[in-house]
Protein chains: 2
Amino acid sequence: MSPTIKQIASIAKVSIATVSRVLNNDKRVTEKTRKKILKITEELNYRPNIIARNFVKKKSNLIGLILPEISDEFFTEIIKGVDELTFAHGYYTLVASSHKYESLDQEIETFLRNGLVGGIIILVSSLNDKIKCILKDSRIPVVLISGGSNIDGFDAVSIENYGGAFKMTEYLILKRKYKNLLHITGPQDNDDALLRRKGFEDACKKYNAAFRIEFGEFTQESGRKICDKLLKSNSLPDVIFAANDMMAIGCYDSIKAKGLTIPDDISVVGFDDVFVSKYISPPLTTVKVQIEDVGKTAAEILMRKVREKNNHKKIISKISTKVIIRNS
Amino acid sequence: MSPTIKQIASIAKVSIATVSRVLNNDKRVTEKTRKKILKITEELNYRPNIIARNFVKKKSNLIGLILPEISDEFFTEIIKGVDELTFAHGYYTLVASSHKYESLDQEIETFLRNGLVGGIIILVSSLNDKIKCILKDSRIPVVLISGGSNIDGFDAVSIENYGGAFKMTEYLILKRKYKNLLHITGPQDNDDALLRRKGFEDACKKYNAAFRIEFGEFTQESGRKICDKLLKSNSLPDVIFAANDMMAIGCYDSIKAKGLTIPDDISVVGFDDVFVSKYISPPLTTVKVQIEDVGKTAAEILMRKVREKNNHKKIISKISTKVIIRNS
DNA sequence: AGGTGGTCTGAAATAGATTACCTGCCTTTA
DNA sequence: TAAAGGCAGGTAATCTATTTCAGACCACCT
């Protein structure tokens with residue numbers, strides 16, 4: 001059995017309170033006693049039982065990171081960013097994604113209530129009222145990673161979706177001189193998708209460019225299907241702006257299958273700058289999002305909230321985007 | 001404050017023991033009492049305090065997953081596989097990677113000793129004696145995910161590195177009729193790299209094919225550099241078998257920069273079948289590893305060990321590989 | 001009717017650490 | 001020199017849920 005504070009105390013012939021004080025750097029202990037106790041803890045290779053400590057302190061050095069799923073690099077980067085920052089503060093990161101066994105709502109509620117974690121970072125594609133309600137009366141700090149709309153009243157980190165899409169569209173119209181644009185959106189209940197679409201539309205309107213909208217699903221498959229349909233019709237746009245890179249890649253599949261070339265016959269651009277994008281042929285022009293920063297920033301805000309309990313000012317942080325020009 | 005078992009008990013006018021029994025499905029409670037208590041717990045929206053529960057039970061429903069780093073899809077897949085399986089058993093997954101703040105050894109030791117987690121899955125590139133020592137006298141179950149050599153005495157999941165490399169080499173020699181092969185290894189202290197090399201060499205020897213070895217680092221950069229050097233010399237092999245896909249991609253960069261074409265001028269194959277591999281041009285022939293299964297299998301073994309405390313039979317599980325033939 | 005056995009419930013101990021409060025000693029100061 | 005104050009360190013309560021042991025109660029059998 002691992003040594004406990006009690007054993008240390010009995011060996012050192014002091015009370016457990018004194019040992020605890022030494023371990024917690026309480027200064028009300030003489031140097032001599034401190035040294036003696038430290039020596040013993042080292043000899044026994046003692047490690048305080050974190051669970052017991054968390055239990056009495058009624059707080060936890062665990063951070064919950066709730067994701068809709070763990071699948072693509074987007075989430076990896078977030079996990080990495082969060083882990084790196086929280087670890088530096090002595091916290092561990094608990095990763096939970098929605099499973100077939102439990103809905104995201106339930107999962108969030110469980111986490112908020114069971115005391116396991118001292119704070120939560122939640123990535124949601126859209127904020128429904130139910131989740132909002134659950135979050136409102138949370139006893140532990142919460143930070144959202146969200147598309148960016150509708151997050152009033154919560155601490156949140158979001159991506160500059162609107163601005164990124166606007167910049168890209170501006171580039172397509174002004175620099176590339178495209179007159180006829182088509183945007184493939186993400187799922188209609190997804191905030192990122194919504195704002196990207198809005199950025200696209202507003203830019204088109206501003207510069208009086210003709211545009212169309214198709215509704216996709218953020219999947220490669222949906223990009224392919226929509227593009228297939230498009231190529232069968234006889235009204236091709238100059239450029240397809242897919243709301244994420246995976247759909248853009250789906251368009252590549254479809255276009256190449258038809259024997260057309262990118263960007264000569266038709267141009268395709270994306271959003272996200274996923275890892276593959278620079279390797280496909282031709283390399284994809286896209287909007288880069290520094291995903292790791294999203295995780296880091298969220299963790300930073302959370303750590304601040306965990307420490308300063310009384311600070312109730314809401315923080316909304318936006319991670320900026322950048323148009324990456326390649327050859328598509 | 002969240003309701004506690006005590007409050008439930010006082011409202012229901014029963015003892016806390018009875019409430020605890022109901023919550024733990026102990027059958028020694030009359031249906032009437034059970035119903036009454038369940039009704040109250042639901043009204044109060046009671047959730048048992050997991051930390052307290054773990055504390056009294058002296059066990060944890062947390063699983064530590066220790067990775068050298070969280071970076072590429074390889075790790076994502078592992079996290080996903082582990083999380084999915086452990087969650088189904090009521091466990092949560094704590095992801096920890098080596099940070100600049102702590103070495104992997106220390107991290108492992110901390111996890112093993114502080115009681116936070118009830119079991120650990122460790123992914124290591126190679127097993128040094130220090131880690132072996134730490135693991136040997138671990139009080140909690142440990143499962144390794146490892147290259148595959150030198151894991152006697154531990155429960156482990158490994159990839160069929162040797163067999164995969166052997167099969168690929170066999171394919172290159174017998175089907176593609178290459179006579180002059182070159183292998184770029186991974187880091188020399190990496191077990192996966194070691195076994196892949198051995199599989200390659202043994203196959204070459206078996207079929208009397210000429211071969212050379214270059215020493216890489218598993219990075220795209222190292223693949224590119226080695227290939228640059230190679231192309232400057234005047235003795236090109238028929239095929240470059242890179243010990244992982246990222247180095248193969250590095251070779252692509254180098255070869256394309258020289259204006260040569262794959263596979264006409266020189267062929268390149270890899271190992272791993274990362275996501276990009278089928279999108280690059282030409283699509284990369286490689287050895288596929290079902291990474292998610294690695295995580296799942298490791299979690300499965302761990303769950304079994306956590307449950308059946310007395311079962312000390314060591315399990316070593318090997319995840320099989322498959323040669324994926326594309327156009328490189 | 002009294003004994004036996006089984007079922008349901010409660011009281012109390014327990015886990016490992018933190019911490020409020022108290023004691024006792026030593027030093028300082030009037 | 002006695003009171004006051006500060007400091008080191010001890011005592012004991014506390015956190016929540018589990019679990020052991022014992023007791024209460026009822027039914028059934030002889």
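Chain identifiers are assigned alphabetically (A, B, ...) following the order of the sequence lines, protein sequences preceding nucleic acid strands; residue numbering begins at 1 within each chain.
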Sugar-phosphate only, base, or nothing, as touched by A/Asn54 at under 4.0 Å among non-hydrogen atoms: nothing
Touch class at under 4.0 angstrom, heavy-atom based, for A/Val29 against every strand present: sugar-phosphate
Sugar-phosphate, base or nothing in reach of A/Ile16, heavy atoms under 4.0 Å: base
Between C1' of D/dA17 and CG of B/Asn49, the distance in whole Å: 8 Å
Minimum-distance nucleotide to B/Thr33 side chain [options: C/dT9, D/dT16, C/dA17]: C/dT9
Flag for B/Thr93-B/Thr86: side-chain donor and acceptor within less than 3.5 Å: yes
ring centroid sep under 5.5 Å plus plane angle under 30, B/Phe55 with C/dG16: no
Minimum-distance nucleotide to B/Val14 side chain [options: C/dG10, C/dA17, C/dT19]: C/dG10
Given C/dA15, C/dA11, C/dT19, the nucleotide with the shortest approach to the side chain of B/Ser15: C/dA11
Minimum-distance nucleotide to A/Thr30 side chain [options: C/dG10, D/dA17, D/dG9]: D/dG9
D/dG9 phosphate, OP1 or OP2, under 4.0 Å from A/Thr18 side-chain N/O: no
Under-4.0 Å side-chain N/O to phosphate OP1/OP2 contact, B/Tyr46 with D/dT16: no
Nearest-angstrom distance from the residue atom CD1 of B/Ile51 to P of C/dA17: 15 Å
Interatomic distance, A/Lys57 NZ vs D/dT16 C1' [rounded to whole Å]: 18 Å
Out of C/dC21, D/dA17, C/dA17, whichever nucleotide has its closest atom nearest the side chain of A/Arg21: C/dC21
Rounded distance in Å - CZ (A/Arg28) to C1' (D/dG6): 11 Å
Side-chain N or O of B/Lys58 closer than 4.0 Å to phosphate OP1/OP2 of C/dG16: yes
Touch class at under 4.0 angstrom, heavy-atom based, for A/Thr4 against every strand present: sugar-phosphate
Distance in angstrom units between B/Asn24 CG and C/dT9 C1', rounded: 16 Å
Whether A/Asp83 side chain and A/Ile79 backbone form a donor-acceptor pair below 3.5 Å: no
Nucleotide C/dT19, atom P - distance to NZ of A/Lys27 in whole Å: 13 Å
Spacing between B/Lys6 atom NZ and C/dG10 atom P, to the nearest angstrom: 16 Å
Interatomic distance, A/Lys36 NZ vs D/dA8 P [rounded to whole Å]: 15 Å
Touch class at under 4.0 angstrom, heavy-atom based, for A/Arg53 against every strand present: sugar-phosphate
Closest listed nucleotide, where the reference is the side chain of B/Ala52 and the choices are C/dG16, D/dA17, D/dT18: D/dA17
Side chain of B/Ser20 (C-beta onward), nearest among C/dA20, C/dG10, D/dT18: D/dT18
